[in-house]
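For reference, the structure discussed in these notes is given below.
Numbered from 1 within each chain, the chains take letters A, B, ... in sequence-line order.
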Amino acid sequence: MKYRLFGILVVLFFLAWRTLDGLVEGDWGRLEGGLSNLGVFFRESMWPPNWSVLEARSYPVCEEDIEFFCSVGYLGMMETLKIAFVSTILGFVGAISLSSLAARNLMPIWVAVPVRIFLSAVRSLPSLIWAILFVIVIGFGPLSGVLAMTFYTVGYLGKLQYEVFEGMPNDPLEAGRAMGLSRPSILMNIVIPENGNHLLSQLMFMFEYNVRHGTVIGIVGAGGIGYYISTYLKFLQYDKVFALLILIFIVVVLIDLLSLAVRSFVNEEGDVRKPTWLNMLIQARKQD
Amino acid sequence: MSNEAILSLNDLVIGYGDPLSEPISLEVKPGEIIAILGPSGIGKTTLIRTIAGLVRPLSGSFTLNLERRGGLGYIPQRLGLVRHATVAHNVSLGARVNIPWSKTMFQERKERTYEAIRTLGIEDKATEPVRRLSGGQQRRVATARTLAQQPQLMLADEFLGELDQTNVDIVLGAVGKLVENGTAIVMVEHHEDNAKNFATRIWEIKEKQFLDMTIEEWIEQTSTGEEE
């Protein structure tokens with residue numbers, strides 16, 4: 001069995017290699033010097049990161065006591081976080097309504113299939129395309145960003161949620177149905193409590209995802225830190241771009257830690273041992 | 001208490017594709033306790049699931065003569081509990097189904113929930129998630145849920161399971177309260193002793209036939225069989 005799995009992996013790797021060769025049309029010469037080009041670009045344009053992005057902007061005049069709160073980095077990141085937060089919550093509410101209609105164990109197939117097709121359609125447009133659409137419809141600014149991310153969140157979370165619902169044990173659903181609980185009551189009192197851990201975990205994942213993608217949609221004018229990245233790229237100020245990228249990286253790591261902390265309070269492990277910062281960072285061992 | 005049948009099976013044929021029974025025509029009246037006996041795989045669970053509305057009958061029909069919505073209680077083989085929710089939440093599901101909308105609805109639901117929890121002796125576990133309880137305690141929770149529901153007909157699939165005698169006494173004592181109020185019980189049972197001590201009638205399945213006997217007839221038949 002072990003050798004067969006290894007064999008399959010080798011064949012898949014070979015196939016991927018052949019496909020890549022086809023894509024570059026055999027012209028591997030393009031890669032020549034790529035690494036040294038990257039090195040030169042990094043040394044001459046990006047390094048050292050320009051931390052002036054964390055200082056107050058020259059206009060409008062800063063009225064805060066601490067300069068940092070008027071900086072491009074802070075203002076951009078806060079706007080991105082706000083967009084991500086609002087769209088994750090709105091998207092979660094929309095997704096849970098639709099995913100409960102899309103799960104085959106909760107709804108008849110003639111309801112589930114059209115809702116699934118709708119969710120697939122919403123999901124098939126990346127958040128960037130949604131952002132472009134909303135920028136065209138309602139103009140530049142964070143509202144376009146919020147709507148774009150909300151739509152994408154509905155499509156993405158909706159799929160994750162109906163798959164979790166379909167994987168739950170059938171007996172609580174059957175007991176609820178036989179007892180005469182209504183469909184909304186089954187959703188609120190059986191399905192959501194039974195899958196609470198998964199839903200929370202997906203919610204945290206989606207928030208982190210939306211923060212990361214918030215930077216991308218800002219590039220098309222939908223608000224957030226991406227707007228500043230896009231501006232600096234246009235003026236070839238790569239050192240400032242690099243500083244903002246480091247800032248995004250730090251925020252994503254912090255969200256990931258927060259997500260681990262929240263989830264460790266509700267998972268099975270939480271029954272026997274409350275999490276510490278150490279066992280959140282290092283995968284917790286089962287208590288002997 | 002009206003003596004009209006709560007459940008009537010009219011030439012009912014059960015099964016998944018292939019029939020598991022000959023046409024069944026039986027009635028259940030208020031306050032009756034029916035134990036369904038028979039070897040594994042013969043259709044006991046399928047019958048319960050058909051009456052619960054979870055499996056379509058192959059032919060024939062059944063009539064539930066229930067006075068109110070939520071008049072049917074059901075304890076499946078795997079108990080049907082929400083494992084990640086608390087004991088109180090699970091029990092409240094029973095109280096949720098048939099209390100009419102009113103100002104006192106929430107108060108009434110709470111009272112019924114905690115009364116059922118107290119009857120089953122699990123008040124110290126009320127705020128714990130069900131997944132942390134032992135198998136016996138979980139069976140008590142499922143029974144409390146049905147007790148809070150106060151159904152007219154209770155369907156139970158091996159709900160006594162492998163309980164020890166103490167737990168059997170607690171659970172049957174609680175179910176006895178329902179019966180006093182006219183609830184009829186149809187339960188699948190593997191242990192003949194439980195059936196003998198608790199049931200008033202027996203449906204025994206033999207070669208696709210449902211034999212309907214009073215408990216006395218069944219005891220007599222089994223003792224004659226043993227003597228032979």
Side-chain angles (χ1 to χ4, degrees), chain A residues 96 100 103-110 160-161 163-204 262-275 286-287, chain B residues 45 48-55 64 66 68-99 101 109 113 128-133 138 141-143 145-146 148-157 159 186:
Chain A
I96 214 148
S100 60
R104 278 176 299 181
N105 53 349
L106 303 179
M107 279 288 159
I109 196 125
W110 57 268
L160 292 178
Q161 286 173 353
E163 283 180 353
V164 163
F165 293 166
E166 286 180 354
M168 73 176 282
N170 217 17
D171 57 308
L173 296 176
E174 289 194 343
R177 248 175 240 146
M179 282 160 59
L181 284 173
S182 62
R183 280 185 205 276
S185 190
I186 288 179
L187 177 71
M188 296 303 292
N189 297 298
I190 295 179
V191 178
I192 293 178
E194 188 69 342
N195 297 297
N197 291 354
H198 292 293
L199 296 180
L200 191 64
S201 168
Q202 289 167 357
L203 183 74
M204 293 304 294
V262 171
R263 275 181 289 160
S264 57
F265 274 103
V266 291
N267 65 15
E268 298 274 344
E269 202 104 29
D271 282 352
V272 288
R273 192 167 64 172
K274 289 290 169 208
K286 288 240 158 121
Q287 203 154 29
Chain B
T45 296
I48 292 275
R49 284 170 57 82
T50 307
I51 300 168
L54 301 168
V55 179
L64 286 166
L66 304 174
R68 56 176 190 270
R69 188 173 156 267
L72 178 80
Y74 175 55
I75 304 182
Q77 217 166 36
R78 288 167 60 196
L79 305 177
L81 297 171
V82 186
R83 289 183 69 251
H84 292 280
T86 62
V87 168
H89 177 87
N90 273 278
V91 177
S92 77
L93 292 180
R96 204 173 276 272
V97 283
N98 52 21
I99 296 178
W101 188 265
R109 188 188 288 171
T113 301
E128 280 198 38
V130 163
R131 65 175 189 271
R132 287 195 209 160
L133 305 188
Q138 290 190 8
V141 177
T143 312
R145 184 182 59 195
T146 311
Q149 190 186 348
Q150 299 177 359
Q152 288 174 270
L153 175 66
M154 170 179 161
L155 304 171
D157 196 350
F159 80 122
V186 177

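Heavy atoms of A/Ser182 lying under 4.5 Å from chain B belong to its backbone as well as its side chain. Looking at B/Arg69, only its side chain comes within 4.5 Å of chain A, counting heavy atoms on both sides. When heavy atoms are compared at a cutoff of 4.5 Å, B/Leu54 approaches chain A solely by way of its side chain, counted from C-beta outward. In this structure, chain A has no heavy atom under 4.5 Å from any part of B/Ile51.
Of the listed residues A/Gly180, A/Gly176, A/Ala178, A/Pro169, the one with more heavy-atom pairs under 4.5 angstrom with chain B than any other is A/Ala178.
Taking NE2 from B/His84 and CG from A/Asn195, the interatomic distance works out to 7.5 Å, rounded to the nearest 0.5 Å. To the nearest 0.5 angstrom, A/Met168 atom CE is 11.5 Å from B/Arg83 atom CZ. Atom CD1 of A/Ile190 sits about 7.0 Å away from atom NE2 of B/His89, to the nearest 0.5 Å.
Within a 6.0 Å sphere centred on CZ of B/Arg109, heavy atoms belonging to other residues, nucleotides or ligands number more than 12.
Residue B/Leu81 comes nearest to A/Asp171 through the heavy atom pair N-OD2, 4.2 Å, listed as atom of the first residue, atom of the second, then distance. Heavy atoms only, all atoms of each residue included: B/Val82 and A/Pro193 are closest at CG1-CB, 4.0 Å. Summarising the geometry of A/Met179 relative to B/Tyr74, their closest heavy-atom pair is CG-N, 4.3 Å, with the distance given to 0.1 Å.
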